[in-house]
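Step one of this worksheet: look at the structure below.
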Amino acid sequence: MEMNTIIEIYDKEPIFNVLSPSIMRPSRVIYLGARFITRKRQKEKLIRYFSLRSPDTYIYFYPVNLYNCENVRNILREILEHFPDAVIDITGGSSTLVFAVGMFCAEYQIPVFAYNRRTNCFCNIFRCSEIEGIPCNPQFTVEQVLSMAGGMLLRHGHISPNEVDEGLLQNVDEVFSICHRNKTRWNGFVQYLQATTTGGSERPLLVRAPKTVLNASGKALFCDMDMMRRLEKMGMIFDLQEDGRYIRYRFRSRLVRQCLNDIGIWLELYVYKSAVESGLFDDVQISAIVDWNGVADEKCNTINEIDVILTYGITPVFISCKSGTPTTTALNELETLTRLFGGKYARGILVTLSDAEDISPAVSQRAADMGIRIIQHANFKDGGIVRCLLETVIQEQD
């Protein structure tokens, strides 16, 4: 359906401000709300969003007195003098403003529509029959979801989707299986690699190191030759040789070396790969560095790294991956980020290699009370991770 002008009643839920324009792609969107909508940062977050989603759409902001019907009436008359083709979306907004707008629309016969969450369709409220039953199936990118809430996908952290090549994806399941089933042994092996292969991106891929080294605290770290041979069989390292007290080998790439030096990255990669290869989600991002207010060049920015973010219709999912047992602090951080950047329909998921329900029932209960789903050790069998992700978003859709 073609709409030239949509008047949106500004809402605290970011999705309600952009949902119908994201589907209809009108020539212009006019936001009606309290005076704060004309503040620079309030305007800029919506301008940034439309630059990503619908760059040809013009944005206007009209402040009104939420508690004065006459003021709302006068502003709407002014808007309609300029844009007589306007229709009004009353999906969001304060009850007082919706009431005032409704009175005006009834008097002046202005078309009104809204989004029906139960049917996931737009519906005719008044004189807007052509919109009745139009499905609402937007496909949002993670960048768009963050921008509509005023944030920004600043960059990626220790790994970027652009770096995750086909070769690394082929290794993810096997490496994850090793670290999942042999967590303590794997952690010790990675500590050995960290002690013998650090030095930045310029360090050669060829490594010659003692089989036994001491870490900074004086603890002996041993090279696990069985693990090394498994990595060689997978093609992650080449030319593995033992020379007395020393070992010699070559990493396949700098990315492989980086990943093998990171204890937690394989859980993130497993979740990321499972979500991407399922083909069920609109966008999946790994290791997302998020700026809270969308101003990248500030001296003191508030930023967070979110392990995995995915989108499914109007439901964004924020995922935190923990090798060990989750803590209350981890739950609080995830809940804050989910609420801040996802809003009402967002979901938070904490993925852990531990048996959280048995080890820490108090934390598990707290997660349930906070609306955070925990995916744990027992859920990884037979594609369980994708099933859990899908159950979470479908439950939210319902």
Side-chain angles (χ1 to χ4, degrees), residues 1-27 29-33 46 49-50 53-54 57 85-106 109-142 144-145 148-149 275 278-283 310-318 338-339 341-349 371 373 386-398:
M1 175 187 175
E2 183 177 348
M3 284 189 176
N4 288 323
T5 307
I6 296 178
I7 299 175
E8 289 284 339
I9 302 177
Y10 192 89
D11 193 88
K12 64 180 180 179
E13 289 293 337
I15 187 66
F16 289 155
N17 295 320
V18 301
L19 187 55
S20 66
S22 298
I23 300 294
M24 309 299 177
R25 304 293 180 97
S27 301
V29 179
I30 299 170
Y31 287 98
L32 206 65
L46 284 165
Y49 170 79
F50 279 99
R53 180 77 183 194
S54 183
T57 299
D85 62 344
V87 297
I88 299 181
D89 177 9
I90 60 169
T91 301
S94 72
S95 57
T96 55
L97 183 51
V98 172
F99 175 80
V101 169
M103 290 185 62
F104 177 86
C105 292
Q109 301 292 289
I110 307 302
V112 180
F113 72 94
Y115 167 65
N116 185 330
R117 176 64 173 163
R118 184 180 60 81
T119 63
N120 196 39
C121 294
F122 294 104
C123 58
N124 169 34
I125 302 298
F126 182 68
R127 294 177 59 84
C128 201
S129 58
E130 63 270 30
I131 205 170
E132 182 68 38
I134 291 180
C136 181
N137 297 310
Q139 293 183 322
F140 293 117
T141 66
V142 168
Q144 290 168 359
V145 167
M148 72 174 70
S278 74
L280 298 171
F281 304 102
D282 300 326
D283 189 24
L310 57 87
T311 58
Y312 182 90
I314 68 171
T315 304
V317 181
F318 298 82
T338 301
R339 184 180 67 252
F341 294 115
K344 181 177 182 179
Y345 297 125
R347 300 294 290 169
I349 296 178
R373 179 163 190 168
V386 172
R387 184 167 57 251
C388 290
L389 293 176
L390 192 57
E391 285 173 357
T392 301
V393 294
I394 289 177
Q395 178 185 15
E396 180 57 38
Q397 294 282 343
D398 293 340

Taken to the nearest 0.5 Å, the spacing of Arg53 CZ from Ile23 CD1 works out to 6.5 Å

Those residues at least two apart in sequence (or on a different chain) that pass side chain to side chain donor-acceptor pair (under 3.5 Å) with Asn4 are Asp85

Interatomic distance, CG@Leu32 vs CD1@Ile90, rounded to 0.5 Å, equals 12.5 Å

In a table with atom names and distances, give each donor-acceptor pair under 3.5 Å that connects a side chain of residues 131-141 to protein atoms at least two apart or in another chain.
{"unit_1": "Glu132", "atom_1": "OE1", "unit_2": "Asn124", "atom_2": "N", "d": "2.7"}
{"unit_1": "Asn137", "atom_1": "OD1", "unit_2": "Asn120", "atom_2": "ND2", "d": "3.1"}
{"unit_1": "Thr141", "atom_1": "OG1", "unit_2": "Gln144", "atom_2": "N", "d": "3.1"}

Any sub-3.5 Å donor-acceptor pair from Thr91's side-chain atoms to Tyr115's backbone N or O? yes

ask   = Just wondering, do Cys128 and Met3 contact through their side chains at under 4.5 Å, heavy atoms?
value = yes

On a heavy-atom basis, the closest approach of Cys105 and Val112 is SG-CG2, 3.5 Å

Does a side-chain heavy-atom distance below 4.5 Å link Glu391 with Arg373? yes

Exercise. Cation over ring, Arg347 on Tyr312, under 6.0 Å and within 45°?
Worked result: no

For Ser20, the side chain to side chain donor-acceptor pair (under 3.5 Å) test, sequence neighbours excluded, returns Glu8, Asp89

Can you confirm whether the side chains of Tyr49 and Ser22 place a donor and an acceptor under 3.5 Å from each other?
yes

For Ser27, the side chain to side chain donor-acceptor pair (under 3.5 Å) test, sequence neighbours excluded, returns none

message: Quick check against the 3.5 Å criterion: does Thr57 have a side-chain atom that pairs as donor or acceptor with the backbone of Pro26?
response: yes

Minimal heavy-atom distance between Ile7 and Ala86, with the atoms involved, is CD1-CB, 3.8 Å

When rounded to the nearest 0.5 Å, the distance separating OH of Tyr345 from CZ of Arg117 is 5.0 Å

Contacts of Phe50 meeting ring pair (Phe, Tyr, Trp, His ring centres under 6.0 Å) (sequence neighbours excluded), chain-then-number -> none

Heavy-atom nearest pair, Pro14 first then Lys12, reads CD-O, 3.2 Å

Distance col, row Glu130:CD vs Phe113:CZ, nearest 0.5 angstrom, shows 10.0 Å

- Asn17 side chain to Asp11 backbone, donor-acceptor under 3.5 Å: yes

Ring pair (Phe, Tyr, Trp, His ring centres under 6.0 Å) filter on Phe126, not counting sequence neighbours, yields none

Smallest heavy-atom separation, Val142 atom then Asp283 atom, equals N-OD2, 2.8 Å

Separation between CD1 (Ile88) and CD1 (Ile6), nearest 0.5 Å, reads 11.0 Å

Nearest heavy-atom approach of Ser278 to Val386 is CB-CG1, 3.8 Å

Here the gap from Met24 atom CE to Ser54 atom OG, rounded to the nearest 0.5 Å, amounts to 12.5 Å

Practice task
Test side chain to side chain contact (heavy atoms under 4.5 Å, CB included) on Phe281 and Val317 and set out the steps.
Solution key: CA-CA 10 Å; Phe281 304 102; Val317 181; over 6 Å; no

Smallest heavy-atom separation, Gly92 atom then Val98 atom, equals O-CG2, 3.7 Å

